[in-house]
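One structure is given below, encoded as structure tokens.
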Amino acid sequence: MVKDDICMGKALQQAELAYSEDEVPVGAIIIYENKIIAKAHNQIECLNDPTAHAEMIAITQAASYLKTKWLKGCKLYVTIEPCLMCAGALVLSRIDRVIFGADDPKTGAFGSKIDINALGLNHKIKIKRKVLETEAAYILQMFFKEKRKKK
């Protein structure tokens, strides 16, 4: 069994890639049968696509890998709490679990701003929060601190 902190470390590596590309540093991986089947980071700026969140890209990669629209038996590790768009896509994908690092009080859809699981939709996702929270929050704080400094 793969440990959550090791997997979140892999998601943090993806966030570091995003940071190096001047993207908001969010990273995600998807695990199936103890194997990474998808890894992604935000690509909103480079693709000029507001939907190019790490989670959305990872969902697409995982579905392609599994050759199915359902991500049953899969776990998503993401450095920040998914937004409503990503949470909706995760519900539609039927993913089993979402493990995230930092809470997102502005747009988080697993309890911080809204709880998608409380809406009574046709799929409920198991959640684990605050895995490597300090590290996940730190990379975001440093990114935005640098952005403010440049202005």
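No experiment lies behind these values; they were computed from the predicted model shown.
The line from CD1 of I127 to NZ of K124 is 10.0 Å long, rounded to the nearest 0.5 Å. Distance CG/L17 to CG/N42: 11.5 Å, rounded to 0.5 Å. Taking CD of E23 as the start and CD of Q14 as the end, the distance is 12.5 Å to the nearest 0.5 Å. Atom CG of N117 is separated from atom CG of D115 by 5.0 Å, given to the nearest 0.5 angstrom. In this structure, D5 CG and E135 CD are separated by 9.5 Å, a value rounded to the nearest 0.5 Å. Between H53 atom NE2 and I80 atom CD1 the span is 10.5 Å, to the nearest 0.5 Å.
In terms of heavy atoms, L12 sits closest to L132 at CD1-CD1, 3.9 Å. Taking each heavy atom of P50 and I44 in turn, the nearest pair found is CA-CG2, 4.1 Å. Shown here for M85 and M56, the closest heavy-atom pair between the two residues is CE-CG, 3.9 Å. Looking at every heavy atom in both residues, L47 comes nearest to A52 through CD1-CB, 4.0 Å. Considering every non-hydrogen atom in both C74 and I30, the closest pair reads CB-CG2, 3.8 Å. Looking at every heavy atom in both residues, L90 comes nearest to H123 through O-CD2, 4.5 Å.
There is a side-chain donor-acceptor pair under 3.5 Å between E146 and Y19. Between the side chains of E21 and H41, at least one donor N or O lies within less than 3.5 Å of an accepting N or O. Side-chain atoms of K35 and Y65 include a donor-acceptor pair closer than 3.5 Å.
Checked against salt bridge (charged side-chain N to carboxylate O under 4.0 Å, His left out), E55 has no partners two or more places apart in sequence or in another chain. Under the salt bridge (charged side-chain N to carboxylate O under 4.0 Å, His left out) criterion, K130 pairs with D103, E133, sequence neighbours left out.
Looking at P105 and E81, their side chains never come closer than 4.5 Å, going by heavy atoms from C-beta outward. Using a 4.5 Å heavy-atom threshold, the side chains of K69 and S93 count as separate. With a 4.5 Å cut-off on side-chain heavy atoms, K10 and K39 do not count as touching. Looking at heavy atoms from C-beta onward, T79 lies out of side-chain contact with I139 at the 4.5 angstrom threshold. You'll find the side chain of F143 reaches within 4.5 Å of the side chain of V24, heavy atoms only. Under the 4.5 Å side-chain criterion, counting only non-hydrogen atoms from C-beta, R94 is in contact with N122. A 4.5 Å side-chain heavy-atom check between Y77 and V131 finds every atom pair outside the cut-off. With a 4.5 Å cut-off on side-chain heavy atoms, I59 and L71 count as touching.
Under 4.0 Å is where a charged nitrogen must lie from a carboxylate oxygen, and between K147 and D22 at least one such pair does. The pair K75-D96 does not meet the salt-bridge criterion, since no charged nitrogen lies less than 4.0 angstrom from a carboxylate oxygen.
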> What do the steps show when you test C83 against D104 for side-chain contact (heavy atoms from CB on, under 4.5 Å), and what is the final call?
Replying inline: CA-CA 8 Å; C83 71; D104 184 354; 5.7 Å; no

>> Between D4 and K128, does the side-chain contact (heavy atoms from CB on, under 4.5 Å) criterion hold? Intermediate values first, please.
In response: CA-CA 9 Å; D4 289 341; K128 184 174 182 181; 2.8 Å; yes

> Taking it one step at a time, do L76 and I99 satisfy side-chain contact (heavy atoms from CB on, under 4.5 Å)?
Replying inline: CA-CA 6 Å; L76 169 77; I99 300 95; over 6 Å; no

>> Go through it in stages, so that I can follow the logic: the residues are V26 and V78, the test is side-chain contact (heavy atoms from CB on, under 4.5 Å), and I'd like the CA-CA distance, side-chain angles, deciding distance and then a yes or no.
In response: CA-CA 7 Å; V26 177; V78 61; 3.9 Å; yes

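Hydrophobic clustering of Ile, Leu, Val, Met, Phe, Trp and Tyr side chains at less than 4.5 Å, counting indirect connections, keeps I29 apart from I57. Note on Y32: it does not cluster hydrophobically with L92, by side-chain heavy-atom contacts below 4.5 Å among ILVMFWY residues.
Connectivity analysis of hydrophobic side chains (ILVMFWY, heavy atoms under 4.5 Å, direct or indirect) links W70 to nothing; its cluster partners are none.
Put simply, the side chain of R129 gets close to the backbone of F110: a donor and an acceptor are under 3.5 Å apart.
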